[in-house]
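What follows is one structure encoded as C-alpha cells, with my remarks underneath.
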Protein chains: 2
Amino acid sequence: MATIYDVSILAGVSLATVSRVMNKNTNVSEKTKKKVQDAMEQLGYRPSSIAQSLASNCSNSIGVLVSQLNGPFYGAMMTEIESALRNANKHVIIAAGHSDEDQEREAVEFLLDRGCDALILDVEALSDDYLIALSQKRTPIVLINRYISEIADRCIHLNNVLGGYLATKHVLSHGHTKLAYIAGPLLKPDARERLEGHKKALAEHDVNFDDTLFYEGNFFEPSGSDAMEYLLKQDTHFTCVICANDQMASGAISVSLEHHVMVPEQLSFIGYDNFPFPKYISPKLSTVSNPIQEMGKMAALWVLKNVYKKPDINIVNTFTPQLILRDSVKNNQ
Amino acid sequence: MATIYDVSILAGVSLATVSRVMNKNTNVSEKTKKKVQDAMEQLGYRPSSIAQSLASNCSNSIGVLVSQLNGPFYGAMMTEIESALRNANKHVIIAAGHSDEDQEREAVEFLLDRGCDALILDVEALSDDYLIALSQKRTPIVLINRYISEIADRCIHLNNVLGGYLATKHVLSHGHTKLAYIAGPLLKPDARERLEGHKKALAEHDVNFDDTLFYEGNFFEPSGSDAMEYLLKQDTHFTCVICANDQMASGAISVSLEHHVMVPEQLSFIGYDNFPFPKYISPKLSTVSNPIQEMGKMAALWVLKNVYKKPDINIVNTFTPQLILRDSVKNNQ
DNA sequence: CTGTTAGCGCATTCAG
DNA sequence: CTGAATGCGCTAACAG
C-alpha cells in the first residue's frame, strides 16, 4: 500500500503538502495540487483511515446499538442510518443489545472502546440514570425511541401516547365499546405509553377499562397468539382487540381464525407500527404508523449536525403517528 | 483518557510490559502482572483500539456488505454475524449495496478503505470476475448466497436447485400438474437456480413447463401481486402456484383472496425462504427452508478461522434446504 | 522476565 | 504557499 510518504516523494513535495491537498481546507497552489493528485492517481493511493483517526483523534465511525438486528423494525431504521452516514463518508459499527441490561451496557462499552465519534442508541433495558450519566461523557449520544426529559434534545422519539389514543379513538368511533387490549411488556416505555393513550381515549368516551380483557405480551407474534387463547377463554364478550404492535396482532388474528372467529365480521383488530408484512394478509390490518425510518435518519442527521458540525440541519425530536385504515376493523355504527 | 504510558508509570514498569499483560501471550511474572492490572484498574484504562490497529496492522473490524438492511432476511443474517464476531471481540462495519453494481463496488471500496481485516459479502450485482479478482487481493473475502466455482472455498451458499426441486416435487406428489411459477429476477443466481430445480422436477414427472403460466417477479410482495393478476387473466387452468420466495407468495395469495379464489381449496401455493411472518397468516404457508442465520454464522466462523487463525473450526460451504409443510397446498391425490 | 528503541500513516504546529 | 519536526497510543523486534 502506498503511503502519504510515497506520494510526497513522487510529487516532489513534502509530506505536509500532500496532507493539505487531501484535506482541501488549506491553501495549496493549483500547480502543486495537480502534481500531488497525479502522484496519488499513479500510485493508487488510498489514505489509511486508521492513521487518520489516530492523528486527528476522530474515527469517523458511529456506533449504532439496537435491541435486535432482525425483525422488520430495526432493519428499516438501519437502512436510513447507514445511507445517511455513508453519504457523509462516515461508517457505522453495529451492535445488538437484545433488550438485556448487561448486554446493552457491554455493547455501549464495546462501541466506546472502538473510538466511535458518537453513539446512536435504541436501548430498552438501560436505566435513565445510566443514559444521563453517559450523555455527560466525552462521546456524544443520541437516543431513538426513548424520551428522557433531562436530555430531551438528544431524544428522537414517537408520540406513543397519541398513537395509542388514536387507535382506540378510531375503534370507539366505529361503535366498538367492548374492547380487549394486548399490551407490550410494560417495562418498556413504548408499551406503557401506548397503553396510557388507550386509557385516555377510553376515559374520554366513558368506557371502562376491563382488567379481564387485558393481556401483557412481549411484542412478538407468539405472545399475541397466547393472548388470544387467553381472551377467548374469558366470559366477557368483546368485539375488538387492540394490539400494542402488529406482530402481536398477527399472532392473535392467526389464533382467532383457527378458532373460526371471523375477522373482522365477528371480531375486529387494530395494530401498531405499520409493519410491511400485515399489508399482505387477509384481512389487511388497520394500524398506527411508526415512522422508524425517518427517526433513524433524524438520528443520523443529529450526529452530522452536532458531532461533525454540519450547520443548516434541522432536527425534529418528536414524531407524530398516524392512523392507517385498512380492513380489520368492522364499522358497527 | 489514560494511555498505556500512564499505566506504565503508575505501575513502575515499562511500556512494553504493560503491552505484554494486555496481550496475554508472552510471559510476565505474576507479581508485575498484578501491579500492572491494579494500575489499569485504578486509572480506568481502556486501550485505544485505533492505536492498536495502526501499530499491529490489524483493525479487528470486519466489513459486511448486504443488498439491503431491511426485510426479514438480512436482519437474521446480521444477528448471527454480529454476535459471533463480537464474542471474538471483533467489530462489524455494515454497508448496503442495494443490488446495484456501482453501489456495491463503491461499498466494497469504502469497507476496504476502512481497513477491514476481512469482508463478508452478500452481493448480487457484482460480476464473478470482479469477485475473483477481489479475492486475490490483500483483504480476504467470503461470499454468502453465491457460488463461484473458482473460489468455491470462499462461498457459503444454499443448494437452491435442490430447494426448487423439492418444492415442485412436493406439489406434484400431491396431484398438482397444472402449475404456475412466479420466479425471482432471473439475473440473480438464486432465482435462476430455483427455477432450474423446478424444471428438473417437472422433467422427472413428464410435466411440461408452460410459458403462459410463468411470471418473472423481483422477490418483493408487490411483484407477487402483479404476477397473480397476470396469471388470473390467462386462459390456462392451474391448481398450484410455485413462488420463488415467500414475499411474492404473500403478495400473490393476497390478490388471490381478493378475487375470491380460496386458498388452498381452489388454489394451492408454495413459497421459499421460510420467512417468519407467513407462519401467522391464513392459510399458513408451506415453503422451503433457507437457513440464512446458519449461513451468516458460518461466514463469521470462516473469518475467525481463516483470518484470525482460530483452528478447530469446521466450515460447511453448502447448506441444504428442507421442505416446511404447512397448510397452503391441497392434497389432490 | 523486562526495558529500549523504532516505527505504523497521518495531522498539525511552527518556521520560513 | 510550503517544508521540517513532533506526536497520536500502541506493537514488535532486539537487547539485556
Side-chain angles (χ1 to χ4, degrees), chain A residues 1-37 39-40 43-61 89 112-117 138-139 308-309, chain B residues 1-40 43-61 89 91 112-117 138-139 308-309:
Chain A
M1 265 308 208
T3 74
I4 195 175
Y5 185 70
D6 304 323
V7 175
S8 76
I9 293 188
L10 214 187
V13 298
S14 80
L15 239 167
T17 304
V18 179
S19 178
R20 286 192 185 95
V21 345
M22 289 179 48
N23 303 307
K24 321 263 179 211
N25 40 18
T26 35
N27 286 332
V28 184
S29 76
E30 276 304 321
K31 248 202 303 205
T32 55
K33 183 197 264 183
K34 175 109 180 53
K35 274 196 302 186
V36 171
Q37 285 171 334
M40 283 178 168
L43 293 171
Y45 169 74
R46 321 236 44 161
S48 154
S49 66
I50 292 175
Q52 286 177 322
S53 299
L54 186 60
S56 67
N57 195 29
C58 164
S59 69
N60 287 310
S61 71
N89 213 34
L112 251 21
D113 284 351
R114 248 54 203 183
C116 292
D117 294 336
R138 162 188 282 88
T139 308
Y308 299 112
K309 306 302 175 196
Chain B
M1 265 311 207
T3 74
I4 196 175
Y5 186 70
D6 303 324
V7 175
S8 77
I9 293 188
L10 212 185
V13 298
S14 81
L15 239 169
T17 303
V18 178
S19 178
R20 286 193 186 96
V21 346
M22 289 179 48
N23 304 307
K24 321 259 180 215
N25 40 19
T26 36
N27 287 331
V28 184
S29 77
E30 277 304 321
K31 246 198 311 204
T32 55
K33 182 197 263 183
K34 176 110 180 54
K35 273 196 304 188
V36 171
Q37 286 171 335
D38 287 348
M40 284 177 168
L43 291 170
Y45 170 73
R46 319 239 44 164
S48 153
S49 67
I50 292 176
Q52 287 177 321
S53 299
L54 186 61
S56 67
N57 195 30
C58 166
S59 68
N60 288 311
S61 70
N89 214 33
H91 67 264
L112 251 23
D113 283 351
R114 248 52 204 185
C116 291
D117 295 336
R138 164 187 282 86
T139 308
Y308 298 113
K309 305 305 175 193

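The structure presented is a predicted model; accordingly, all values stated were derived computationally and were not measured. For the numbers below, each heavy atom of this structure counts, side chains included, while hydrogens, waters and symmetry mates do not. Numbers restart at 1 for each chain; the letters A, B, ... are given by sequence-line order, proteins then strands.
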Between atom [atom1] in [X] and atom [atom2] in [N], what is the gap in whole Å?
X: Asp6(B); N: dG7(D); atom1: CG; atom2: C1'; answer: 15 Å
X: Asp113(B); N: dC10(C); atom1: CG; atom2: C1'; answer: 15 Å
X: Met1(A); N: dC8(C); atom1: CE; atom2: P; answer: 15 Å
X: Leu15(A); N: dA11(C); atom1: CG; atom2: C1'; answer: 10 Å
X: Lys35(B); N: dC1(C); atom1: NZ; atom2: P; answer: 15 Å
X: Ile50(B); N: dG7(D); atom1: CD1; atom2: P; answer: 20 Å
X: Arg20(B); N: dT5(C); atom1: CZ; atom2: C1'; answer: 13 Å
X: Ile4(A); N: dG9(C); atom1: CD1; atom2: P; answer: 11 Å

### Message
Considering every strand and a 4.0 Å limit on heavy-atom distances, what is the contact class for Thr32(A): base, sugar-phosphate, or nothing?
### Response
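Touches sugar-phosphate only.
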
Q.
Within the 4.0 Å heavy-atom criterion, would you say Val18(A) contacts the bases, only the backbone, or no part of the nucleic acid?
A.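 Nothing: the residue Val18(A), judged by heavy atoms under 4.0 Å, touches no strand.
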
Which distance, rounded to the nearest 0.5 Å, do you find between the [atom1] of [X] and the [atom2] of [Y]?
X: Arg114(A); Y: Ser59(B); atom1: CZ; atom2: OG; result: 8.5 Å
X: Asp113(A); Y: Asn60(B); atom1: CG; atom2: CG; result: 12.0 Å
X: Lys34(A); Y: Thr32(A); atom1: NZ; atom2: OG1; result: 11.5 Å
X: Leu43(B); Y: Met1(B); atom1: CG; atom2: CE; result: 11.5 Å
X: Ser49(A); Y: Ile50(B); atom1: OG; atom2: CD1; result: 9.0 Å

OP1 or OP2 of [N] sitting under 4.0 Å from any side-chain N/O of [X]?
X: Ser29(A); N: dC1(D); value: no
X: Asn23(B); N: dT11(D); value: yes
X: Gln52(B); N: dT11(D); value: yes
X: Ser14(A); N: dG3(D); value: yes

Heavy atoms from C-beta onward define the side chain here; which of [options] lies closest to that of [X]?
X: Ala55(A); options: dT13(C), dG9(C), dT4(C); answer: dG9(C)
X: Leu54(B); options: dC8(C), dT2(C), dT2(D); answer: dC8(C)
X: Ser19(A); options: dA11(C), dA4(D), dG9(D); answer: dA11(C)
X: Met22(A); options: dA11(C), dG9(C), dT11(D); answer: dA11(C)

Worksheet entry | Which residue lies more 5' along DNA chain C, comparing Tyr5(A) with Val13(B) via nearest heavy atoms |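 The residue closer to the strand's 5' end, by nearest nucleotide, is Val13(B).
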
Inset, instruction - Assign each of Ser48(A) and Glu30(B) to its nearest nucleotide of DNA chain C by heavy atoms, then name whichever residue's nucleotide is nearer the 5' end. - result: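 Here Glu30(B) is the residue nearer the 5' end.
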
**Prompt:** Which pair of heavy atoms, one from Pro47(A) and one from Gln52(A), lies closest together, and at what distance?
**Reply:**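 Heavy atoms of Pro47(A) and Gln52(A) come nearest at CB-NE2, 3.6 Å.
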
Which donor-acceptor pairs under 3.5 Å do the side chains of residues 4-16 of chain B make with protein atoms, sequence neighbours left out?
{"unit_1": "Asp6(B)", "atom_1": "OD2", "unit_2": "Thr3(B)", "atom_2": "N", "d": "2.8"}
{"unit_1": "Ser8(B)", "atom_1": "OG", "unit_2": "Tyr5(B)", "atom_2": "O", "d": "2.7"}
{"unit_1": "Ser14(B)", "atom_1": "OG", "unit_2": "Ala16(B)", "atom_2": "N", "d": "3.3"}
{"unit_1": "Ser14(B)", "atom_1": "OG", "unit_2": "Thr17(B)", "atom_2": "N", "d": "3.4"}
{"unit_1": "Ser14(B)", "atom_1": "OG", "unit_2": "Thr17(B)", "atom_2": "OG1", "d": "3.3"}

inquiry  = I'd like to check Val18(A) versus Met40(A) (side-chain heavy atoms, cut-off strictly below 4.5 Å). Are they in contact?
reply    =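 Yes; the side chains approach each other to less than 4.5 Å.
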
How large an angle, rounded to 10°, do the end axes of the helix from dC1(C)-dG16(D) to dG16(C)-dC1(D) enclose when each is built from five base pairs?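 Rounded to the nearest 10 degrees, the bend comes out at 30°.
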
Q: Examine the base of dG9(D) for any acceptor or donor lying under 3.5 Å from a partner atom in the side chain of Arg46(B), and report the outcome as yes or no.
A: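 Side chain to base: no pair present.
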
